[in-house]
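In what follows, a structure is listed as structure tokens, so that the remarks can point back to it.
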Amino acid sequence: GKIILGDQILERSDVNIDLEDRGYQFGDGVYEVIRVYGGELFTIKEHIERLFQSAKKIKLDVSMSSEQIRGLTEELVKENGVDFGSVYMQVTRGAAPRAHMFPKPESSTKAVFTAYTNEVPRPASLLEKGVEAITTEDIRWLRCDIKSLNLLPNVLAKQEAADSDCFEAILHRNGIVTEGSSSNAYIVKNGEVITHPANNLILNGITRQVLAELCKENGIPFIEKEFELIDLQNADEVFITSTVSEVMPVIKVNGETVANGKPGNITCKLQGLFEARINQDTKV
Ligand SMILES: Cc1ncc(COP(=O)(O)O)c(CN[C@@H]2CONC2=O)c1O
């Protein structure tokens with residue numbers, strides 16, 4: 001399939017990424033994962049806006065406009081005939097002789113934008129059954145609000161989950177649950193949805209933002225406050241959200257069943273509302 005490099009759509013085999021690209025050497029870049037439903041990009045505006053916010057936070061000049069990125073991404077989805085899938089896009093600070101400090105402004109180094117598509121069916125059976133999670137220490141830096149390429153702690157946490165045949169690792173910092181290794185995390189208690197405040201300790205997920213809207217529109221309390229590890233055990237319901245996992249019920253944490261071990265009522269209601277929003281926004 002085709003890919004995007006800069007403002008060109010090319011065959012993947014024709015693409016060369018420099019050995020000294022700072023994304024490759026330092027993780028010096030930012031990324032987004034956007035869902036495609038029935039050939040239509042979902043919440044692409046919000047994702048591209050966040051890409052620029054993340055870039056600004058690391059003083060990275062994307063050197064392309066959001067309209068240009070949107071246009072190229074829509075064209076790529078069409079060229080590759082993506083039906084149900086995702087687009088992965090990233091911007092790095094470009095290639096320069098290896099040195100920690102930024103390339104000099106007068107140097108020829110420019111940001112490198114790349115994007116490619118995957119065919120990814122919706123995780124229907126997992127959404128219906130729910131998944132299992134472990135919990136593990138959140139050892140990340142203090143700018144988790146930036147969707148950066150610095151994903152080593154996320155990778156190690158996800159691998160720890162995989163080593164226990166679990167789907168996600170729910171992270172905690174000083175006993176406070178922050179988020180998943182690649183998702184946001186929630187409990188439901190007495191009819192209220194509770195999740196960590198969107199500050200520097202978590203990524204403010206696009207799915208999280210859609211869910212907050214859906215809760216407000218449907219009279220479901222969406223409470224942004226810290227909760228503790230023990231609250232996971234005592235929750236009526238636990239779920240996680242991300243672009244790829246949507247609203248994913250968690251039925252076991254560290255081997256302990258959550259409530260009756262079935263996806264909770266509010267989680268299922270939110271799945272329905274989320275699906276309706278997808279259909280509404282992507283005319284599927
Ligand atoms: C650390 C982290 N928190 C929360 C989220 C959820 O954010 P969205 O709702 O905007 O997706 C992600 C998504 N991570 C992307 C999404 O899927 N795969 C990823 O790496 C993430 O990596």
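Values reported hereafter were calculated over all heavy atoms of this structure, with side chains retained and with hydrogens, waters and symmetry mates removed. When a ligand or atom number is given, it counts from 1 through the structure's own listing order.
Relative orientation of the Tyr37 and Phe42 rings is perpendicular, given thresholds of 30° and 60° on the angle between their planes.
Counting the atoms of ligand 1 from 1 in the order shown, those under 4.0 Å from a heavy atom of Lys147 are 12 (C), 13 (C), 14 (N), 15 (C), 21 (C), 22 (O). Near Arg50, meaning under 4.0 Å from one of its heavy atoms, ligand 1 places the atoms 10 (O). Those atoms of ligand 1 that come under 4.0 Å of a heavy atom in Gly205, given as number and element, are 7 (O), 8 (P), 9 (O), 10 (O).
Proximity of Ser181 to ligand 1, defined as any heavy-atom pair under 4.0 Å, is confined to the backbone N, CA, C and O atoms. Contacts between Ser183 and ligand 1 below 4.0 angstrom, taking non-hydrogen atoms only, involve the backbone exclusively.
Looking at heavy atoms from C-beta onward, Arg98 lies in side-chain contact with Phe26 at the 4.5 angstrom threshold. Side-chain contact check for Ser183 versus Met248: every heavy-atom pair is 4.5 Å or farther apart.
Taking any N or O of Tyr31, backbone or side chain, at least one lies under 3.5 Å from an N or O belonging to ligand 1. Here's the thing with Ile206: one of its N/O atoms is less than 3.5 angstrom from an N/O atom of ligand 1. On a distance-only criterion, Glu179 and ligand 1 share at least one N/O pair closer than 3.5 Å. The N/O atoms of Ser242, backbone and side chain alike, include none that comes under 3.5 Å of an N/O atom in ligand 1. The N/O atoms of Arg208, backbone and side chain alike, include none that comes under 3.5 Å of an N/O atom in ligand 1. Residue contacts with ligand 1: Arg140 is placed with no nitrogen or oxygen under 3.5 Å of a nitrogen or oxygen of the ligand (distance criterion only). By the 3.5 Å distance cut-off applied to N or O atoms, Asn154 is not counted among the residues near ligand 1.
Annotation: atom 18 (N) of ligand 1 to nearest protein heavy atom, Val33 CG2, 4.0 Å. Shortest contact from atom 11 (O) of ligand 1 to any protein heavy atom: Thr243 OG1, 2.7 Å. For atom 9 (O) of ligand 1, the closest non-hydrogen atom on the protein side is Thr207 OG1, 2.7 Å. When hydrogens are left out, the protein atom nearest atom 6 (C) of ligand 1 is Asn184 OD1, 3.7 Å; that is the closest non-hydrogen contact. For atom 17 (O) of ligand 1, the closest non-hydrogen atom of the protein is Val244 CG2, 3.4 Å.
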Please tabulate, for side-chain N and O atoms in residues 128-135, each donor-acceptor pair with protein atoms closer than 3.5 Å (sequence neighbours left out).
unit_1	atom_1	unit_2	atom_2	d
Thr135	OG1	Asn254	ND2	2.8

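Note on Glu74 versus Arg70: salt bridge recorded, some NZ/NE/NH1/NH2 to OD/OE distance being below 4.0 Å. Ion pairing between Glu179 and Arg140 holds under the 4.0 Å rule for side-chain N and carboxylate O.
Around the CG atom of Asn16, the shell of radius 6.0 Å holds no more than 12 heavy atoms that belong to other residues, nucleotides or ligands. Within 6.0 Å of atom CZ in Arg12, 12 or fewer heavy atoms from other residues, nucleotides or ligands are found, so the atom counts as exposed in its surroundings.
At least one cation-pi condition fails for Arg122 and Phe84: the charged atom is not both under 6.0 angstrom from the six-membered ring centre and inside a 45 degree cone around its axis.
At a cut-off of 3.5 Å, with distance as the only test, no side-chain donor of Glu275 or Asn279 sits close to an acceptor on the other residue.
Sorted by first and then second residue, the side-chain hydrogen bond (donor to acceptor under 3.5 Å, both in side chains) pairs involving residues 259-269 (not counting sequence neighbours) are Glu237-Thr267.
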